[in-house]
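Okay, structure first, notes after.
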Amino acid sequence: MLKVLKFGGSSLASADRFREVKNIVLADPARNAVVVSAPGKRFSGDNKITDLLYLCYAHIQYGVDYTNMLLLIKERYKEIVDGLGISFDIESEFDEIDNAISMGAPQDYLVSRGEYLSAKIMAAYLDYDFVDSYSHVFFNYDRSIDREKTYEAFKLAFNASGGKIVVPGFFGTMPDGSLALMSRGGSDITGALLAAALEADVYENWTDVPGILMADPSIVKDPYPIPRIRYDELRELTYMGAKVLHEASVQPVRDAGIPVVIKDTQDPDAPGTVISEHFPDEEKGGEFYITGIAGRKGFTVIEVHYGDLAHNIDVLRSALKILQSNGAALEQLSSGVDGFTFLLKSDEVRQQIYSIVSGLEELFGQGSVSVTEHVSLIACVSRMMVYRSGISGSIFSALGDNSVNIRTISQGASELNITIGVDDADFNKAVQVLYDKFTKRG
Ligand code: ASP
């Protein structure tokens, strides 16, 4: 049994948090490969090391004295090393960084030192081998990952080590040998690559939340974590604005059929959230429930009233052409005998709305078009929907009973979600009402 673990910045923000990580790693003999982020915020208002490193580079770039900024970063690491009571030569690490800066080191190198030092300290503290992502994670020229080369390098490094390694997340090597960063939050990708390379049994992604939550915690108080979620459901939720692990970042483990578990460093024994392609042991149509609820504000509804649309499908094409020529992406489309409705993202059509409306009125006549702004979309996502009847009924009655007016309705053909549109002013209330309904709290 082999588990690959990734710890996010908030789980590495201080010596105490490093200690918790060590307890977690040592609690299970299968936890033999660890990927770390750079230290994050210790408290609200604190700074993430990665952000400080970007700021440090900005100083260098604009010719402003950067020494205090670098010192601040060094102090953060020194505090961790001293707090852990390990012997780790932080001075010479920073001398090396300072030296590289004086030789004109690029931004990606400087910012990568956040993860690099985090991993070196963690390796010393756990007594695991340090494996540098530089020379083990390889990018293609377009910055996509060369998976074959990366997997080979990770496998070799793991086998050559004592079977216990720590790897820094977030960076790798370009084909020309230069160091390059991934996008922000990229340590999730490094963890997924390592898990796929080592054919791990599970990829544990450790954060400071109890898993993927059923609803946005800034709207619903202490929402339940989702015990199990399929990748396609995760995609629906992230598309609708849920701030969780992006499913693209775990593509390597998805392709390899390795399950992902989101775990909470503050509550390590809690089950967290399991993400998988399928749950074959799950009974079809088990208990009636929703996997999660997510939504976004800021949509615009354009209604076109036009008689006898059923016999005039060409007119729809002309209307879509108007959207296309204005560069507007269509979020939803519904049509009936007497007209049709477009749902668009407001910030994408703010400039073009007048041109779209006048184009449509030219086609369908003065007064045929009405525009409603400030509409929110809320998606109720559930893999059970396809087996259950009555979910949409429950959604509508719950909202109706609470005087939330529904402006639009749509259900994907895959029956994975039901998405409703409400006024922005009703958004929070609607999310809360739906959450209560499906967790049977209300
Ligand atoms: N430290 C980097 C960031 O803040 C990468 C990561 O944490 O995954 O984005």
Side-chain angles (χ1 to χ4, degrees), residues 3-11 24 35 37 40 169 183-189 191-192 195 200 202-254 257-279 281-282 286-287 289-296 377-385 391 412 414 416-419 428 431-432 434-441:
K3 295 182 177 174
V4 170
L5 288 70
K6 179 258 166 180
F7 290 91
S10 55
S11 308
I24 290 166
V35 172
S37 287
S183 52
R184 294 297 303 261
S187 301
D188 287 331
I189 303 172
V202 57
Y203 173 34
E204 292 183 345
N205 194 295
W206 290 81
T207 73
D208 56 353
V209 287
I212 299 175
L213 302 174
M214 273 192 75
D216 182 344
S218 69
I219 300 173
V220 173
K221 191 170 180 299
D222 295 334
Y224 291 125
I226 298 168
R228 292 169 150 201
I229 187 168
R230 272 189 349 209
Y231 282 105
D232 50 2
E233 294 177 297
L234 182 62
R235 193 174 152 76
E236 297 283 348
L237 287 178
T238 44
Y239 180 71
M240 284 309 294
K243 287 179 195 64
V244 292
L245 188 78
H246 205 284
E247 100 316 328
S249 67
V250 287
Q251 195 62 40
V253 280
R254 183 179 184 182
I258 298 168
V260 181
V261 190
I262 312 286
K263 300 273 285 175
D264 184 2
T265 41
Q266 299 296 296
D267 190 6
D269 296 328
T273 300
V274 181
I275 311 169
S276 183
E277 201 73 55
H278 302 288
F279 295 104
D281 62 326
E282 196 166 67
E287 211 206 335
Y289 73 95
I290 286 278
T291 302
I293 300 161
R296 273 191 284 152
L377 287 185
I378 301 172
C380 295
V381 175
S382 171
R383 61 186 174 278
M384 291 302 176
M385 223 169 257
I391 293 188
S414 60
L416 205 56
N417 72 65
I418 293 172
T419 303
N428 286 12
V431 171
Q432 183 73 57
L434 293 171
Y435 177 81
D436 289 345
K437 178 78 189 177
F438 290 110
T439 53
K440 300 191 174 77
R441 271 181 176 175

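FYI, side chains are in, hydrogens and waters are out, and symmetry mates aren't considered; it's all heavy atoms of this structure.
Two residues are said to be in side-chain contact when any heavy atoms from C-beta on lie closer than 4.5 Å; Val261 and Tyr203 fail this criterion. Within the 4.5 Å cutoff, the side chain of Trp206 has heavy atoms near those of the Pro268 side chain. Asp216 places none of its side-chain heavy atoms less than 4.5 Å from the side chain of Val431.
Considering NZ of Lys263 and CD1 of Ile24, their distance stands at 8.5 Å, rounded to 0.5 Å.
Of all the heavy atoms in Cys380 and Ile290, the pair that sits closest is CB-CD1, 3.7 Å.
Applying the salt bridge (charged side-chain N to carboxylate O under 4.0 Å, His left out) test to residues at least two apart or on different chains, the pairs with a partner in residues 229-241 are Arg230-Asp232, Glu233-Arg383, Arg235-Glu247.
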Check your understanding: side chain to side chain contact (heavy atoms under 4.5 Å, CB included) between Ile275 and Val253: does it pass, once the steps are laid out?
Key -> CA-CA 10 Å; Ile275 311 169; Val253 280; over 6 Å; no
Check your understanding: Under the salt bridge (Lys or Arg N to Asp or Glu O under 4.0 Å) criterion, do Lys6 and Glu204 qualify, and how do the steps go?
Key -> CA-CA 6 Å; Lys6 179 258 166 180; Glu204 292 183 345; over 6 Å; no
Practice item. Given side chain to side chain contact (heavy atoms under 4.5 Å, CB included), test Ile378 with Ile293 step by step and report yes or no. Key: CA-CA 7 Å; Ile378 301 172; Ile293 300 161; 3.7 Å; yes
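Listed by chain and residue number, nothing satisfies the side chain to side chain donor-acceptor pair (under 3.5 Å) test with Asp264 (two or more places apart in sequence, or in another chain). Ser249 meets the side chain to side chain donor-acceptor pair (under 3.5 Å) test with no other residue; sequence neighbours excluded. For Ser11, the side chain to side chain donor-acceptor pair (under 3.5 Å) test picks out Thr265, with sequence neighbours left out. Qualifying side chain to side chain donor-acceptor pair (under 3.5 Å) partners for Tyr239, counting only residues two or more places apart in sequence or in other chains: Glu331. By the salt bridge (charged side-chain N to carboxylate O under 4.0 Å, His left out) test, Arg228 is found to be paired with Asp281, Glu282, residues two or more places apart in sequence or in another chain being considered.
Checking Val35, Ile262, Leu5, Val4 one by one against Asn205, the side-chain contact (heavy atoms from CB on, under 4.5 Å) holds for a single residue, Ile262.
Looking at Tyr435, its side chain does come within 3.5 Å of a backbone N or O of Tyr224 through a donor-acceptor pair.
Remark: the Gln432 side chain and the Asp436 side chain contain an N/O donor-acceptor pair separated by less than 3.5 Å.
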